[in-house]
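Side chains are part of it too, since the values below use all heavy atoms of this structure and drop only hydrogens, waters and symmetry mates. These figures come from a predicted structure and were not determined experimentally.
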Amino acid sequence: MGLIKIADAIERARSIMLVAHVQPDGDTLGSCFALKVMLEKMGKDVFICCDGDMPSRYQELFPADMILNPLNVKETADLAIAVDCADSARLGKCFKLFKNAKATANIDHHITNDGYAQLNFVTGASSVGEIVCELMQLCGIEPDEKSAQYLYIAISTDTGNFTYSNTNRKCLTYAAEMVELFDLRNTADVLFRRRSLIATQLIGRALSRLEIFDGGKIAFVTLLESDMKEFGAHSSDCESIVDFAREIEETQAAVFFRELLHGVKISFRSKGGIDVGAVAALYGGGGHAGASGCQTSGKLDEVKKSVLEKLKGLI
Ligand SMILES: [Mn+2]
């Protein structure tokens, strides 16, 4: 389906609800806020709905009071657009509102998207931000300072600051267009060159528990439930810990274990063609070949042993 169908649906709608996914990231938020700026320029009534709080990193980049909790929304929109939501569960409590809208659309770049809306636009783009850039061109709306900043946030975060393999000519071209319209340095500092004290302390603790196997080919880092308590940390403070293990030169498979009250949360990263998505799937999780995650019951030591066995079979 072409993007023109989405543009047509927008044209027909007066009120539009944009849905960001649960545990919102830079792409879903940046794309929603850029769309809001664009659609308001087209004279639409627009609101953003999200089942979840704005992560602290994004609080100074986006106006938090412009995101509505689905429980507070009474209005039925003419058009609801799910943004960066690979399946209907990603809409969380917003799904009911979404379903009730007069028309529904789904803009996404996860190839596993199952097409849960009436209009589904799913491509292999680097980010939904890239798709929104195209939609803006299609609708004849020029980016301004705010929408340029929002689109940069969307694209840069989903491409790992333009370093992941999804970084392509298209998204760099759009970014080049946006960069003259807003203060890149300040935004990039917030996104990529800043970390909370608690997150820093957790990295130190997790790395103090580094375990390596097969000469470093497999690297484990771990946080205990008691560590989280000690630092007063939340799961969002653990975001980049697994990358410190992945970045070890010799390491092909990196795993971050976080002990929970009941069970263990596991993040996997890999290099050189090892499919950690398949490993996560063995524990009921999912993801890609190079990055995946799962949550499993069982004691930390036993879970580690089991994961080590599975990885050894792949290396
Ligand atoms: Mn995305």
Side-chain angles (χ1 to χ4, degrees), residues 1 6 9 16-33 35 47-55 58 62 67-73 75-77 79-129 131-132 154 157-158 166 234-236 238-239 242 256 258 260-268 275-297:
M1 194 200 79
I6 307 274
I16 300 175
M17 171 171 83
L18 304 170
V19 182
H21 61 68
V22 295
Q23 296 175 313
D25 64 6
D27 189 28
T28 195
L29 290 170
S31 297
C32 279
F33 277 94
L35 276 170
F47 60 95
I48 301 171
C49 207
C50 181
D51 179 7
D53 293 328
M54 173 102 57
Y58 295 112
F62 299 111
I67 287 199
L68 301 180
N69 183 297
L71 302 174
N72 297 332
V73 177
E75 195 182 333
T76 306
L79 173 65
I81 307 177
V83 178
D84 198 33
C85 300
D87 54 54
S88 56
R90 295 289 281 163
L91 283 80
K93 293 197 178 78
C94 298
F95 187 60
K96 214 174 144 196
L97 289 167
F98 178 82
K99 249 183 8 210
N100 289 342
K102 287 173 201 149
T104 59
N106 158 22
I107 308 178
D108 190 32
H109 66 126
H110 299 94
I111 44 163
T112 54
N113 192 301
D114 55 6
Y116 48 84
Q118 292 160 1
L119 300 169
N120 300 285
F121 186 79
V122 181
T123 65
S126 67
S127 53
V128 174
I131 302 172
V132 174
T157 53
D158 252 28
N166 62 349
H234 298 283
S235 56
S236 59
C238 301
E239 256 176 16
V242 69
F256 167 47
R258 183 158 70 83
L260 307 172
L261 269 180
H262 305 286
V264 184
K265 197 168 184 314
I266 315 175
S267 305
F268 296 92
D275 185 359
V276 288
V279 179
L282 296 173
Y283 299 93
H288 313 281
S292 63
C294 62
Q295 193 169 314
T296 176
S297 57

*Phe268 versus Cys294, closest heavy-atom pair with distance*: CE1-SG, 3.9 Å
*Distance-only, no hydrogens or angles: does the Thr28 side chain make a donor-acceptor pair with backbone N or O of His21 under 3.5 Å?*
yes
*Asn166 versus His109, side-chain donor and acceptor atoms under 3.5 Å*: no
*So does Gln23 have more than 12 non-hydrogen atoms from other groups sitting under 6.0 Å from CD?*
no
*For Asn120, what residues pass the side-chain hydrogen bond (donor to acceptor under 3.5 Å, both in side chains) criterion, not counting sequence neighbours?*
Asn106
*Using modelled atom types only, decide if a donor and an acceptor are shared between the side chain of Asp158 and the backbone of Ala154 within a distance under 3.5 Å.*
no
*Calculate, to the nearest 0.5 Å, the distance between atoms OG and CZ belonging to Ser88 and Phe98 respectively.*
9.0 Å
*Gln295 (side chain) donor-acceptor with Lys265 (main chain) under 3.5 angstrom*: no
*Ignoring hydrogens and angles, tell me if any N or O in the side chain of Asp114 forms a donor-acceptor pair with the backbone of Asp87 under 3.5 Å.*
no
*Considering non-hydrogen atoms only, spot the tightest contact between Val19 and Cys94 and give its length.*
CG1-CB, 3.6 Å
*More than 12 heavy atoms of other residues, nucleotides or ligands under 6.0 Å from CG of Leu71: is that the case?*
yes
*Would a 4.5 Å heavy-atom cut-off, applied to side chains only, mark Leu97 and Glu75 as touching?*
no
*What is the minimum heavy-atom distance between Cys32 and Leu18, and which atoms define it?*
O-CD1, 3.3 Å
*Interatomic distance, Leu35 atom CG to Ile16 atom CD1 [nearest 0.5 angstrom]*: 9.0 Å
*asked:* Does the plane of the ring in Tyr58 sit parallel, tilted or perpendicular to the ring in Phe62? Use 30° and 60° as the thresholds.
replied: tilted
*Taking atom CG of Asp84 and atom CG of Asp27, what is their separation to the nearest 0.5 Å?*
4.0 Å
_Distance, nearest 0.5 Å, that separates CG of Leu29 from SG of Cys50_ = 6.5 Å
*Crowded around Asp53 CG? As in, over 12 foreign heavy atoms under 6.0 Å?*
no
_Least distance between heavy atoms, Pro24 atom then Pro55 atom_ = O-CG, 3.3 Å
*Using the test side-chain hydrogen bond (donor to acceptor under 3.5 Å, both in side chains), find all partners of Asp108 that sit at least two apart in sequence or belong to another chain.*
His110, Asn113
_Applying salt bridge (Lys or Arg N to Asp or Glu O under 4.0 Å), can you list everything that pairs with Lys102, at least two apart in sequence or on another chain?_
Asp78
_Would you compute the distance between atom CG of Asp25 and atom OG1 of Thr157 and round it to the nearest 0.5 angstrom?_
6.0 Å
*Got a donor-acceptor contact below 3.5 angstrom from the Ser297 side chain to the Gly263 backbone?*
no
*Given side chains that start at C-beta, do those of Arg258 and Ser235 come closer than 4.5 Å, heavy atoms only?*
yes
*Rounded to the nearest 0.5 Å, what separation is found between the CZ atom of Phe95 and the CG atom of Asp51?*
13.0 Å
*Going by heavy atoms in the side chains, are Met17 and Leu79 under 4.5 Å from each other?*
no
*Does any non-hydrogen side-chain atom of Ser31 lie less than 4.5 Å from one of Ile107?*
no
*Does Phe33 reach the side chain of Ile67, with side-chain heavy atoms less than 4.5 Å apart?*
yes
*Mark yes or no for whether Ser292, through its side chain, and Val276, through its backbone, hold a donor-acceptor pair below 3.5 Å.*
yes
*Does a side-chain heavy-atom distance below 4.5 Å link Phe121 with Thr123?*
yes
